[in-house]
Amino acid sequence: TLSDGMLRVGAALLLLSPFTPMLFMGEEWGARTPWQFFSDHAGELGDAVRNGRRAEFASHGWSTDEVPDPQDPQTLANSRLDWDEPTGARGAALLDWHRKLIRLRRDEPDLTDPDLAHVEVRYDEAARWFVLRRGSLAVVANLADHRQIIAVEGTPVRVLLASETGFGYGAGSVEIDGESVAVLQLL
């Protein structure tokens with residue numbers, strides 16, 4: 001349901017955060033197949049799982065008619081990944097982005113530091129921007145649909161990775177396209 005730009009922003013925030021990132025099947029190439037809970041239980045256990053899922057979703061306002069039956073073989077079939085997606089232009093580009101982020105996380109010492117005292121977060125919910133600072137690095141994310149200037153503490157001196165080429169930077173700020181992210185080294 002997200003644009004490819006927002007998928008890149010989300011991947012950067014997930015993979016460059018100080019926590020152990022977990023990718024879900026196909027997330028690294030923007031899989032469009034749904035993941036629906038499925039099971040293969042017989043008898044009373046199967047009925048209990050089916051009814052439990054319906055009750056769980058109903059408690060969140062869903063119609064029980066919309067809840068995929070976890071015991072139905074079609075639910076499993078619907079959840080199978082389309083392995084042609086990562087070889088297409090869109091899937092390959094998103095997969096390449098994830099690989100670059102993982103490589104950056106591995107190679108940059110500030111991104112391997114588990115000490116949360118070296119992590120700072122700033123955001124403006126109304127303007128829709130987010131800055132994650134880890135040591136000398138800043139992950140600058142523009143969640144808005146338009147280009148904007150985002151203040152950063154320090155002076156960007158090097159771009160390590162960016163999801164779009166349309167950005168500029170100077171002392172104390174980054175101008176960045178909408179739905180994009182840049183990873184910068186700061187002084």
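All values reported here derive from a predicted model rather than from experimental measurement. All values below come from the heavy atoms of this structure, side chains included, with hydrogens, waters and symmetry mates left out.
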*Roughly how far, to the nearest 0.5 Å, is CD of E56 from CZ of F37?*
9.0 Å
*Check: N142 and V181 side chains under 4.5 Å, non-hydrogen atoms*: no
_Side-chain (R134) to main-chain (L111) donor-acceptor, under 3.5 angstrom_ = yes
_Using the rule given for side-chain contact (heavy atoms from CB on, under 4.5 Å), can you reason through V183 versus V159, listing the C-alpha separation, both sets of side-chain angles and the distance that settles it, and then say yes or no?_
CA-CA 6 Å; V183 184; V159 178; over 6 Å; no
*Can you get from V119 to L13 by hopping between Ile, Leu, Val, Met, Phe, Trp and Tyr side chains that sit under 4.5 Å apart?*
yes
*asked:* One pair to check against side-chain contact (heavy atoms from CB on, under 4.5 Å): D110 and D113. What are the steps and the verdict?
replied: CA-CA 5 Å; D110 284 336; D113 182 0; 5.6 Å; no
*asked:* Considering only residues two or more places apart or on different chains, which pairs with a residue in residues 152-166 satisfy side chain to side chain donor-acceptor pair (under 3.5 Å)?
replied: R158-Q185
*Could you list all the salt bridge (Lys or Arg N to Asp or Glu O under 4.0 Å) pairs where at least one residue sits in residues 83-93, not counting sequence neighbours?*
D4-R90
_Residue pairs fulfilling salt bridge (Lys or Arg N to Asp or Glu O under 4.0 Å) with at least one residue in residues 174-186, sequence neighbours excluded_ = R147-E175, R147-D177
*Should the ring pair Y169 and F167 be called parallel, tilted or perpendicular, given that the plane angle runs from 0 to 90° and is split at 30 and 60?*
parallel
*Flag side-chain contact, heavy atom, 4.5 Å: L160 against E108*: yes
*Between CG of L161 and CZ of R8, what distance do you get to the nearest 0.5 Å?*
10.5 Å
*Going by heavy atoms in the side chains, are P68 and N78 under 4.5 Å from each other?*
no
*Considering only heavy atoms from C-beta outward, does the side chain of S39 approach that of V49 to under 4.5 Å?*
yes
_Test item: V131 and I150 side chains (from C-beta on) under 4.5 Å apart, heavy atoms_ = yes
*Please list all pairs passing the ring-ring contact (aromatic ring centres under 6.0 Å, His included) test where one or both residues lie in residues 40-79, with sequence neighbours left out.*
F57-W62
*Specify the closest pair of heavy atoms between L15 and P21, including all atoms of both residues, with the distance to one decimal.*
CD2-CB, 3.7 Å
*Shortest non-hydrogen contact between V9 and A141, atoms and distance*: CG1-CB, 3.8 Å
_Rounded distance [0.5 Å steps], OG1 in T64 versus CZ in R53_ = 13.5 Å
*ILVMFWY cluster, L94 and L16 together (side-chain gap under 4.5 Å)*: yes
_Contact between V121 and R133 at the side-chain level, heavy atoms closer than 4.5 Å - yes or no?_
no
*Of all pairs that satisfy ring-ring contact (aromatic ring centres under 6.0 Å, His included), the ones with a partner from residues 96-134, not counting sequence neighbours*: none
*Kindly say whether Q36 contributes a backbone atom to a donor-acceptor pair with the side chain of S79 at under 3.5 angstrom?*
yes
*Passes side-chain contact (heavy atoms from CB on, under 4.5 Å), V174 versus L184? Steps please.*
CA-CA 9 Å; V174 175; L184 307 166; 3.3 Å; yes
*With sequence neighbours excluded, give me every ring-ring contact (aromatic ring centres under 6.0 Å, His included) pair touching residues 63-92.*
W29-W83
*Identify whether L132 and I102 are in the same connected component of the hydrophobic contact network (ILVMFWY, side-chain heavy atoms under 4.5 Å).*
yes
*Set of residues satisfying side-chain hydrogen bond (donor to acceptor under 3.5 Å, both in side chains) with respect to T112, sequence neighbours excluded*: none
*Same hydrophobic cluster for L81 and F24, using side-chain heavy-atom links shorter than 4.5 Å among ILVMFWY?*
yes
*Euclidean distance, Q74 CD relative to Q71 CD, rounded to 0.5 Å*: 14.5 Å
*With a 4.5 Å limit on heavy-atom distance, are the side chains of L14 and L23 in contact?*
yes
_Restricting to non-hydrogen atoms, name the atom on A127 and the atom on D124 that form the minimum distance, rounded to 0.1 Å._
N-OD1, 2.9 Å
*How about D115: does its CG atom have over 12 heavy atoms from other parts shown lying under 6.0 Å from it?*
yes
*Hey, any chance L2 and L95 share a hydrophobic cluster, counting ILVMFWY side chains that come within less than 4.5 Å of each other, even indirectly?*
no
*What residues form a side-chain hydrogen bond (donor to acceptor under 3.5 Å, both in side chains) with E27, not counting sequence neighbours?*
none
*Pairwise distance CD(E44) to CG(N51) - rounded to 0.5 angstrom*: 11.5 Å
*Can you name the ring-ring contact (aromatic ring centres under 6.0 Å, His included) partners of F19, sequence neighbours left out?*
none
*Taking only residues two or more places apart in sequence or in another chain, which ones pass side-chain hydrogen bond (donor to acceptor under 3.5 Å, both in side chains) with R50?*
D47, D69
*D82: what forms a side-chain hydrogen bond (donor to acceptor under 3.5 Å, both in side chains) with it, not counting sequence neighbours?*
none
*asked:* Test of understanding: with salt bridge (Lys or Arg N to Asp or Glu O under 4.0 Å), list the residues that count as partners of D96, not counting sequence neighbours.
replied: K100
_Less than 4.5 Å apart, side chain to side chain, heavy atoms only: is that true for P18 and L116?_
yes
*For the residue pair A138 and L186, what are the closest heavy atoms and their distance?*
CB-CD1, 3.6 Å
*Search all heavy atoms of I149 against all heavy atoms of S173 and return the closest pair with its distance.*
CG2-CB, 3.8 Å
